[in-house]
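Per chain, numbering begins at 1; letters A, B, ... match sequence-line order.
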Protein chains: 2
Amino acid sequence: MRESSVKEKLIGVAGRLFHKQGYNLTGINQVIEEADIARGSMYNHFQSKTDLLIAYLEQFQEEWFRSLEEFLRPITDPKKRLLALFEYRIRRQQRAEFSGCPFTKISAEIGNEEAEVLKTVQKFKDSVRSYIAGLVAQVKHRNILTNEALTEMIYLMMEGGLVSAAIYKNPGDLKRGKKIVEQFL
Amino acid sequence: MRESSVKEKLIGVAGRLFHKQGYNLTGINQVIEEADIARGSMYNHFQSKTDLLIAYLEQFQEEWFRSLEEFLRPITDPKKRLLALFEYRIRRQQRAEFSGCPFTKISAEIGNEEAEVLKTVQKFKDSVRSYIAGLVAQVKHRNILTNEALTEMIYLMMEGGLVSAAIYKNPGDLKRGKKIVEQFL
DNA sequence: GTCTATAAGATGATAGAC
DNA sequence: GTCTATCATCTTATAGAC
């Protein structure tokens, strides 16, 4: 097998399992078995399970934003783009059976000593927040709130909606959040 | 030891560890050792680790609302009571070193088959939402949003703020969320 | 680089003595 | 009801052959 495709396969399988079952409930054994790669090979490519986790998170972030850009490309109106960001998250949750935001989920699963993982999660959240701020800046909204406050509100309602989607296993709160945000644009 | 105090001690120790270290990262071994109770005794009181978890969550919910009522008792103005609910959560997060909402955290840690645990989490979230709705109903607010929408907004921003507190290990977003909510009251 | 065998310990849970 | 000894399995990670 190609050198890189071993890595890719491990990240792919591990990511799917981490996402679906949870990080702590997924053992290295299961990952290597389903990826059909030997234990030693895995540890040749990744120093530790944490290392594999971080590789997965970094790849996920890349894919997430790439896929978002694609989803928003046909939409030009900034208002509609902002609402489409909600829609993007709703659809991803539906496809993932409402497992919640993978980054948030991981942050709840890791131990207090895993500082690097937490930093990776923070980096993703920072990027999402910046993305929202960028869209808000382009919207000529109703000015009930400042740009900063509107950004904060949207970010928090999205985070809250994602948590709620995972807890109730439905997109209700995300959809209601989207509707409320719509009233401010 | 009194029959009930064995149970209480186990719930207390387990709860503290589940909260601080995470549920999956806390073994039964550590719980019984720190509680100074024999393995067999623990399984005499609780059928399983999941059983202990649910007992902890139920006790936590009881304590949480009892403590909230106490915190709000001196405040009469419904507006101030709503903002004090934010303050209550900020203070609890500060005391708990920003470990996030225990119920949300647990929902991210458990496996897909633990339906009863998820129901316990939902019950808590339902109660919080109802509590917010009750306060909103008493407020003569600025009517930018309906009571239902305002309740939803506050609930989602609070949930989002709690997640954010856990990820960034600071109360920034919870405080900013509180300020935004204030503008609607 | 890939593999198998194995280490060293932790996991949740049970059996059976007292 | 409380205890200790033990089960069977799983955990992450490493050593060393090829």
Side-chain angles (χ1 to χ4, degrees), chain A residues 1-57 106 108-118 120, chain B residues 1-57 106 108-118 120:
Chain A
M1 206 182 291
R2 255 175 50 249
E3 195 266 325
S4 65
S5 67
V6 171
K7 258 189 135 152
E8 280 164 28
K9 184 147 202 188
L10 282 167
I11 293 175
V13 170
R16 181 171 52 76
L17 295 172
F18 291 169
H19 201 152
K20 203 175 95 185
Q21 303 180 338
Y23 175 70
N24 286 315
L25 299 176
T26 302
I28 288 290
N29 289 348
Q30 193 185 3
V31 173
I32 59 171
E33 197 200 332
E34 295 200 19
D36 201 31
I37 277 157
R39 174 174 235 75
S41 290
M42 132 88 204
Y43 277 100
N44 191 57
H45 287 285
F46 299 98
Q47 284 199 328
S48 64
K49 192 189 175 189
T50 302
D51 209 43
L52 177 59
L53 170 62
I54 290 170
Y56 152 65
L57 290 177
I106 286 294
E109 285 202 79
I110 54 165
N112 299 324
E113 71 291 342
E114 308 259 38
E116 203 186 336
V117 177
L118 196 59
T120 309
Chain B
M1 207 182 291
R2 257 173 52 247
E3 195 266 325
S4 64
S5 66
V6 171
K7 259 189 134 149
E8 280 164 28
K9 183 145 204 191
L10 281 168
I11 293 175
V13 170
R16 182 171 51 77
L17 294 172
F18 291 168
H19 201 149
K20 203 175 94 185
Q21 302 180 339
Y23 175 69
N24 286 316
L25 298 176
T26 301
I28 289 290
N29 289 348
Q30 192 185 3
V31 174
I32 59 171
E33 196 201 332
E34 294 199 19
D36 200 32
I37 278 159
R39 175 173 234 77
S41 289
M42 131 89 204
Y43 278 101
N44 190 58
H45 288 285
F46 300 98
Q47 284 198 329
S48 63
K49 192 189 175 189
T50 302
D51 210 42
L52 177 57
L53 170 62
I54 290 171
Y56 152 64
L57 289 177
I106 285 294
E109 286 202 80
I110 54 166
N112 299 324
E113 71 291 341
E114 307 260 38
E116 203 186 337
V117 176
L118 196 59
T120 309

Partners meeting salt bridge (charged side-chain N to carboxylate O under 4.0 Å, His left out) with A:E34 (sequence neighbours left out): A:R16
d(CZ, A:F46; P, D:dT14) in whole Å: 15 Å
For DNA chain D, the residues among residues 15-26 of chain B that have a non-hydrogen atom under 4.0 Å from it: none
Atom-to-atom span, OH of B:Y43 to C1' of C:dG16 - whole angstrom: 17 Å
Qualifying residues under side chain to side chain contact (heavy atoms under 4.5 Å, CB included), relative to B:S48, sequence neighbours excluded: B:T50, B:D51
Nearest-Å distance for atom pair CG/P, residues A:N44 and D:dA15: 13 Å
Distance in angstrom units between A:I32 CD1 and C:dT2 P, rounded: 14 Å
Side-chain N or O of A:N29 closer than 4.0 Å to phosphate OP1/OP2 of D:dT11: yes
Separation of atom CE in A:M42 from atom C1' in D:dT11, rounded to whole Å: 13 Å
Nearest-nucleotide pick for A:V6, side chain only, options being C:dT2, D:dT12, C:dG12: C:dT2
Contact check, side chains of A:I11 and A:F46, non-hydrogen atoms, under 4.5 Å: yes
Residue pair B:L53 / B:I110, side-chain heavy-atom distance below 4.5 Å: yes
B:S41: side chain to side chain donor-acceptor pair (under 3.5 Å) partners, not counting sequence neighbours: none
A:Y43 side chain reached by A:I28 side chain, heavy atoms, under 4.5 Å: yes
Side chain to side chain contact (heavy atoms under 4.5 Å, CB included) partners of B:T26, counting only residues at least two apart: B:L17, B:F18, B:Q21, B:Q30, B:V31
Please list, for nucleotides 3-7 of chain C, all pairs of protein and nucleotide N/O atoms separated by less than 3.5 Å.
| unit_1 | atom_1 | unit_2 | atom_2 | d |
| --- | --- | --- | --- | --- |
| C:dC3 | OP2 | A:A38 | N | 3.2 |
| C:dC3 | OP2 | A:S41 | OG | 3.2 |

B:M42 vs B:L52, side chain to side chain contact (heavy atoms under 4.5 Å, CB included): CA-CA, chis, key distance, verdict: CA-CA 9 Å; B:M42 131 89 204; B:L52 177 57; 4.2 Å; yes
Value in whole Å for how far the P atom of D:dT11 lies from CD of A:E109: 14 Å
Residue closer to the 5' end of DNA chain D, A:Q30 versus A:Q47 (nearest nucleotide): A:Q30
Separation of atom NZ in A:K9 from atom C1' in C:dG1, rounded to whole Å: 17 Å
Whether over 12 other heavy atoms sit under 6.0 Å from A:E113 CD: yes
Between C:dG12 (C1') and B:E33 (CD): distance, integer Å: 16 Å
